[in-house]
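Single-structure report; data block below.
Each chain gets a letter, A, B and so on, in the order the sequences are listed, and its residues count up from 1.
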Protein chains: 4
Amino acid sequence: MLVVMKHSASAQEIRDVVDMIQEMGYEARPIPGRQRTSVGLIGNDGQVEPTLFQSLPGVLEVIPVSHSYKQVSREWKEESTVVTLPNGTNIGGNEVVLMAGPCAVEGEEMILDLAQTLSRMGATILRGGAFKPRTSPYSFQGLGVKGLQYLAKAREETGMAIVTEVLDVETAEAVAEYADILQVGARNMQNYPLLRKVGNIKKPILLKRGLSATIEELLLAAEYVIAEGNPNVILCERGVRSFDTQTRNLLDLTAIPVVKSLSHLPIIADPSHGTGVRAKVTPMARAAVAAGADGLMVEVHADPNHALSDGAQSLYPDQFQELLDQIRVIARAIHRAMTPPLAHQAGFE
Amino acid sequence: MLVVMKHSASAQEIRDVVDMIQEMGYEARPIPGRQRTSVGLIGNDGQVEPTLFQSLPGVLEVIPVSHSYKQVSREWKEESTVVTLPNGTNIGGNEVVLMAGPCAVEGEEMILDLAQTLSRMGATILRGGAFKPRTSPYSFQGLGVKGLQYLAKAREETGMAIVTEVLDVETAEAVAEYADILQVGARNMQNYPLLRKVGNIKKPILLKRGLSATIEELLLAAEYVIAEGNPNVILCERGVRSFDTQTRNLLDLTAIPVVKSLSHLPIIADPSHGTGVRAKVTPMARAAVAAGADGLMVEVHADPNHALSDGAQSLYPDQFQELLDQIRVIARAIHRAMTPPLAHQAGFE
Amino acid sequence: MLVVMKHSASAQEIRDVVDMIQEMGYEARPIPGRQRTSVGLIGNDGQVEPTLFQSLPGVLEVIPVSHSYKQVSREWKEESTVVTLPNGTNIGGNEVVLMAGPCAVEGEEMILDLAQTLSRMGATILRGGAFKPRTSPYSFQGLGVKGLQYLAKAREETGMAIVTEVLDVETAEAVAEYADILQVGARNMQNYPLLRKVGNIKKPILLKRGLSATIEELLLAAEYVIAEGNPNVILCERGVRSFDTQTRNLLDLTAIPVVKSLSHLPIIADPSHGTGVRAKVTPMARAAVAAGADGLMVEVHADPNHALSDGAQSLYPDQFQELLDQIRVIARAIHRAMTPPLAHQAGFE
Amino acid sequence: MLVVMKHSASAQEIRDVVDMIQEMGYEARPIPGRQRTSVGLIGNDGQVEPTLFQSLPGVLEVIPVSHSYKQVSREWKEESTVVTLPNGTNIGGNEVVLMAGPCAVEGEEMILDLAQTLSRMGATILRGGAFKPRTSPYSFQGLGVKGLQYLAKAREETGMAIVTEVLDVETAEAVAEYADILQVGARNMQNYPLLRKVGNIKKPILLKRGLSATIEELLLAAEYVIAEGNPNVILCERGVRSFDTQTRNLLDLTAIPVVKSLSHLPIIADPSHGTGVRAKVTPMARAAVAAGADGLMVEVHADPNHALSDGAQSLYPDQFQELLDQIRVIARAIHRAMTPPLAHQAGFE
């Protein structure tokens, strides 16, 4: 941490900063400059609040130098984390993974049929909401445990792994009974009790970036999960809030190479929520893979116009097939491959 | 809701939109324009997803006309809601209320002393965090129930009402045992299970605006609480995320008159989190009152340089006194008054 | 335009809105709804200020339905605009074009050498700033006309077309004497006298999106140029301002498919300014092509560490070559091709 | 400037950074920390591009410590700048100044009548656009020189000083012939040729903050003017772009105390553009004064519903009177006064 003193700071004011640092048990190192003196705080273990110094007399500004995240960083662990699912799918290695399915599980037949279609096309992970967070209390809130059971049945029939959202600490265990990956949604990215809870459950976590979360905050949220002993965190860029209303969110694809350089964790993109508009999903899904995403989460629905939620951003199955064909070529262009389709699937049909 | 058709939309495409609206059980009203036709959906009860129409052939865009919030709106209830606390303080009426105290309760003596000071100056509500949400898992997380007990003791000694944060569903009842107002923090503004929980507890709720929440989303979050039968919601503007790094957040004071015109709920401002810098707290506190806020929540600490959190944005007690003196005049300028000091307080000393 | 009345609006207030619309020479159409009445304004020619109605008694809000841009829209002109340069390069057709070069022209030899390298690799358009807009008045401001002459010499030697920035009306003609494409920078996107000036010059214009410009504002800026009789406008996404400081700007690649659907104009991406960090340029360049960009503008410098400006975001020539190889495959994946290298170039060497 | 090295940086990589700094003529000072080494660059004169170091091997990040603005800073000049107008009005001292008038000058009688009303109420500066920047090329663009002449006539009749916008270098001299203060609009905040031009004209400049300009960028824009020898710059906060659509812009009132601490220049607020909605102008005008603004710029129109532009955000004259009465009390609460009405005005009537 660097405490930058004002040009006009007195020798006493500088000494006071030095004293305060030493009193806290750290080393202080004054760095005289041509315009002003700075004081470096050495040995910061992430416990020092930079704001503490900000209002001291003679202080111009305080600049944090070390980051407060640790175990998520590439400095901590050089090699990339690869999360392996029970059905053999790897996330974070050389393969690009596909998670696909409806926004919400709407019924048994609906999800079974769609899972068959998607796994046949090559997706190995089935998404589908059973507990839905909705902006309005009057919107459809999901089928709950019933929805989880339909998802489990779809897994049984197709071999796909299941990713579904966990909304709160109460229902976390119940969701974990059925799901292969627990999704923590954007609105819950800084719900710390929930992060701790899923950190203890020890199933892979899909952690979505909050609507206006910085990348550092996203990494710190992941740190909460890892600090509980669960290293299997997959990050997800799903669009941030912006001033333009043409799309639902602004998909920040640069977050992908940025995360890749700061952290060893896998990162995927969700172009469905990231754009909110069906016609933009395919180009942005391609772009995400080209930017280096380890996978995609895409909403697909057999009949989007009658979907109970997010219909307008769901692809038709044949659009998803076309997307897959394009992505396969793009992955190759950057020396990656798509996750192979579920080998044992033939046996299920 | 208005479905705007493209200039080039065919008669059949327009008919399809009309049919779909009628199939959903609403009335459709085509509105021919010079450039293009629009189709109005009449009778929207907040259940219609505008996105459903967005991807239909021939549709240019879909414009929501009615808002999805209901009971929070001034259209639903004309007169302003006034929340009355056990110690007689009114929030939302003509008086401007002061909530003050440390970011976190750090110990018994500390909070008792500060409460004495603050109530003597005229604050009638004591703030102080017992359960703290922290961006980093390695930061101080609060004293928990012990902190709540110290707050209760401070109430006993001074007569001040207590506002403190509730972090999750699990601890909500415990917090409610001690607190007069349950604070739902910015990071939890869209934590729907928590909103439902506090909606059932029936104590006044202080709902802080999320870091990038629109005012409509803030009102919808309040709607969650009210929909559970708890009408005593106090909104709080505490700064939104911005591109400038000079201050911690961008305090959006215009939200105050905007909320006042859309909703009957009280709204206060938190200039401490809204700026994050001690020297900016006083001018922005004054500005909030001038903009029409029903109250202020201000962090005050006897020794900010040694505070366990948010020290840099905490006022010294004598700065708080000066702030109070200025605000009193400003309140008068707009025909309001400050909440009178606790009448019975003398008896406590 | 739709004037939405309050639930509580009186019949007289509705009549007043109708009268005001008719007085302005338009048709008014009241649309009764279940919750409230709206009044449609029919025949809006883009001259009506929506704000005019906003403060009338009984009005809840005003919703603009028709857009204020005309000639840039796909509704006005269905087929995509293709801009053809003197050296045969087409922008906006099936081919993906490459503009490459240094941030600033720093000297004659420097630009001639780099142009040789880049054209040999396959770029057909040379970028390079002669007049530089700098945030600080104390930074290097460009070589001026001398820089333009060096660019012209590079064109002579390689056959590449030249794109360079025009900073103001005064120097616009001078720049136009040398350049094949006049670039209007992000900071000047709403410099209307400049837009009118380049609209009159009738050379192709590269119009960069402003730092916080909505897509609609970008299209309106293009409309200024076209309204003067110059239809050859190329749009450029170069990143918008965001709350995250990891990258210089937030490259909004979704703007590409959005512009493609709203407008017939070509759109390219500038991943150099869009990220500001060399290591992020290549992934985001690939992503831009995958998202459907008609071309790229990339900063390349033979010795970025000694560049006079923007060194940190400039690629080394061999990184540019690698980028090209990857992009060629991605373009094919979406049935496009790269602009062929300058056929006659051999003759120049 | 501080170059922070990676944890894994080699001794050679650190030496390379040191060498590069010394090669550039500055002093390098390595600062070993517990987690990583940083290298300080001492003697930075604002000419060093921090980005230069960002892509060197072993570098984690580069942190600018000194700001690139100089003459605008309070470190450069401790005492506040006071701009004095020919009619005696002071801006930046203890008095709060009022600039009022229509968005655009629409005709002679209109502006003369309004000036009489406003000066009688106590405003000493008349605002009014003659050259108007408009987002759409099809909107009303102002009366031009004719508008300037009407403004001059209003000055003659009332004694008010005139502030009006200068749109480009071409017309700057013409505008300066008539105006007492040259306004540089938000869209032109980084129009450097224009900033240089008005820097040479030597009349007071009102510089509006750009739509997404950081406060540092605003100060750097002012530095352009001052660097040309014109010290009379008045800054103006007029709202920044935000994600919420309830108001036209987000008025960032915290910018006022922030600018006050960083710079010696006066700063006023424009709540009319800052909100865009008449009913929000008065509360935000009050808030701006409470936050410490040196003045206000407010749009007033005798008949806002028929204004040629910005009608919806213009106050009626009697609303302006009410605003004045409230502001007077607020100014007193913070030990300031309103600029006294023009003493000699009686003589003009």
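Among B:L218, B:V258, B:T214, the one residue that satisfies the side chain to side chain contact (heavy atoms under 4.5 Å, CB included) test with D:D244 is B:T214.
Heavy atoms closer than 4.5 Å to chain D are found nowhere in B:T282, neither backbone nor side chain. Interface remark: B:V240 contributes side-chain atoms only to the contact with chain D (heavy atom separation under 4.5 Å). The part of B:A213 that comes within reach of chain D is its backbone (N, CA, C, O), which places non-hydrogen atoms under 4.5 angstrom from that chain. Contacts between B:L262 and chain D at a heavy-atom distance below 4.5 Å involve the side chain alone, from C-beta outward. Using a 4.5 Å cut-off between heavy atoms, B:Q246 contacts chain D through its side chain alone, with no backbone atom that close. Only the side chain of D:S261 has a heavy atom closer than 4.5 Å to any heavy atom of chain B. Contacts between B:T275 and chain D at a heavy-atom distance below 4.5 Å involve the side chain alone, from C-beta outward.
B:P283 is not listed as a side-chain neighbour of D:K260, based on a closest heavy-atom distance of 4.5 Å or more. Looking at heavy atoms from C-beta onward, B:V329 lies out of side-chain contact with D:R332 at the 4.5 angstrom threshold. The closest side-chain heavy-atom distance from B:L250 to D:T254 is not below 4.5 Å.
Of the inter-residue distances, the one linking D:R286 atom CZ with B:I334 atom CD1 reads 5.0 Å to the nearest 0.5 angstrom. To the nearest 0.5 Å, atom CG of residue B:D252 and atom CG of residue D:D252 are 9.5 Å apart. Taken from CD1 in D:I330 to CD1 in B:I327, the straight-line distance is 11.5 Å, to the nearest 0.5 Å.
The two residues D:A291 and B:M284 come nearest to each other via the heavy atoms CB-SD, 4.2 Å. Scanning both residues, D:F243 and B:R241, for their nearest heavy atoms gives CE2-O, 4.4 Å.
Counting heavy-atom neighbours within 6.0 Å of B:E79 CD, excluding the residue itself, gives a total above 12.
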